[in-house]
Amino acid sequence: MNYWLMKSEPNELSIDDLKRAKREKWHGIRNYQVRNMMRDVMKKGDLALFYHSNAGKEIGVVGVMEIVKEAYGDVTQFDAENKYYDAKSDLANPRWLCVDVKFVQKFARQVTLNEIKSNKFFADLPLVKKGNRLSVVQIKKTHFDKLVLLASKAV
DNA sequence: GCCAACGTTGGC
DNA sequence: GCCAACGTTGGC
């Protein structure tokens, strides 16, 4: 069982969007490191924290989702109208993969990036490490549990 | 909008 | 294989 932190810009897909849809394709991954992790490590039943990136004051961890379908060809890479279109990808051997995720919960309150940064407990969380730009990172269960706990408490 | 810190591309 | 140029991410 693995634990993840997955970033999404709320104007593309927010926790509320996922809550409404219940289930979504996590598409648009165009980074080989992330693709390989999704392909080789991510399993059905894994839990992931939903992180809002590029969201002004609303940056932070906002909820939990579950991986319900393991890596398969991302349909957006073959859609010329889509912003994630990749002309070099081969239909028979897709370059890019996506997974399906299911809404689990939206936190009572958001745990902000500032809060995470100022807490020594998260010193080695990939999110706060310099240079980390991967949109999907694997995290420790202890970090996952702590974030869920923090989110359930008032500030 | 800026820019640091990456990653990718392609000529050589 | 090197590396300059370019593109992207994402916090600020």
Side-chain angles (χ1 to χ4, degrees), chain A residues 2-21 24-42 46-65 67 70-101 103-140 142-144 146-151 155:
Chain A
N2 305 299
Y3 297 87
W4 305 89
L5 184 147
M6 299 169 78
K7 303 177 188 175
S8 178
E9 302 192 7
N11 58 6
E12 286 224 10
L13 178 73
S14 71
I15 187 73
D16 290 323
D17 294 334
L18 182 62
K19 184 177 184 180
R20 210 173 303 127
E24 277 287 355
K25 296 182 191 343
W26 201 268
H27 59 215
I29 298 294
R30 297 293 180 269
N31 173 285
Y32 290 108
Q33 274 179 266
V34 173
R35 182 203 64 184
N36 294 346
M37 272 196 311
M38 288 170 90
R39 181 189 61 199
D40 302 333
V41 185
M42 192 175 271
D46 286 357
L47 292 176
L49 294 167
F50 197 118
Y51 177 87
H52 279 172
S53 67
N54 254 324
K57 290 182 177 175
E58 307 300 314
I59 293 171
V61 176
V62 292
V64 177
M65 55 196 166
I67 309 304
E70 293 174 17
Y72 63 101
D74 181 348
V75 292
T76 62
Q77 69 198 304
F78 303 118
D79 176 4
E81 301 291 307
N82 195 285
K83 65 178 276 195
Y84 295 117
Y85 178 62
D86 183 348
K88 293 176 187 164
S89 189
D90 176 11
L91 193 60
N93 185 23
R95 176 183 292 194
W96 303 113
L97 305 173
C98 74
V99 296
D100 285 0
V101 297
F103 176 82
V104 174
Q105 70 157 312
K106 179 184 176 180
F107 290 149
R109 75 172 187 90
Q110 177 183 37
V111 183
T112 65
L113 180 60
N114 271 338
E115 192 177 345
I116 294 168
K117 275 183 176 171
S118 61
N119 190 334
K120 283 203 172 74
F121 186 81
F122 298 114
D124 62 342
L125 185 69
L127 187 70
V128 299
K129 285 195 176 171
K130 197 173 184 180
N132 159 67
R133 298 188 317 151
L134 298 182
S135 61
V136 176
V137 291
Q138 191 170 8
I139 63 174
K140 296 176 185 170
T142 51
H143 285 152
F144 181 93
K146 181 78 169 179
L147 283 163
V148 172
L149 184 68
L150 285 173
V155 183

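Naming convention: chains lettered A, B, ... in sequence-line order (proteins, then strands); numbering from 1 in each chain.
Rounded to whole Å, the distance from CG on A:Asn132 to P on C:dT8 is 19 Å. Here the C1' atom of nucleotide B:dG7 and the CD1 atom of A:Ile29 are 14 Å apart, to the nearest Å. Atom NZ in A:Lys129 sits about 23 Å away from atom P in B:dA4, given to the nearest Å. With rounding to whole Å, A:Glu58 atom CD is found 14 Å from C:dC12 atom P. A straight line from CG of A:Asp86 to C1' of C:dT8 spans 15 Å, rounded to a whole angstrom. In this structure, A:Leu134 places its CG atom 17 Å from P of C:dT8, rounding to the nearest Å. In this structure, CG of A:Asn54 is placed 17 Å from P of B:dA5, rounded to the nearest angstrom. What separates CG of A:Leu113 from P of C:dT9 is a distance of 18 Å, to the nearest Å.
For A:Phe50 and A:Trp4, the ring centers sit 6.0 Å or farther from each other.
A distance of 12.0 Å separates CE of A:Met6 from OG of A:Ser53, quoted to the nearest 0.5 Å. How far CD1 of A:Ile139 is from CG of A:Leu127: 9.0 Å, rounded to the nearest 0.5 Å.
Heavy atoms of A:Gln33 sit under 4.0 angstrom from primed sugar atoms or phosphate atoms, though from no base atom. If you check every strand for non-hydrogen atoms under 4.0 Å, A:Lys57 touches nothing.
A donor-acceptor pair shorter than 3.5 Å can be found between the side chains of A:Asp17 and A:Ser14. One side chain, A:Thr76 or A:Arg30, offers a donor N or O that lies under 3.5 Å from an acceptor on the other.
Both A:Asn114 and A:Gly28 lie close to DNA chain C; mapped to their nearest nucleotides by heavy-atom distance, the more 5′-ward contact belongs to A:Gly28. For the pair A:Arg95 and A:Lys130, nearest-nucleotide mapping onto DNA chain B gives the more 5' position to A:Lys130.
If you check B:dG7, B:dG10, C:dG10 against the side chain of A:Asn31, the one that comes closest is B:dG7. Here the nucleotide nearest the side chain of A:Arg133, chosen from C:dG11, B:dC6, C:dG10, is B:dC6. Proximity note for A:Lys7 (side chain, C-beta onward) versus C:dG11, C:dG10, C:dC12: the nearest is C:dG10. Residue A:Tyr32 places its side chain closer to B:dT8 than to any other of C:dG10, B:dG10, B:dT8.
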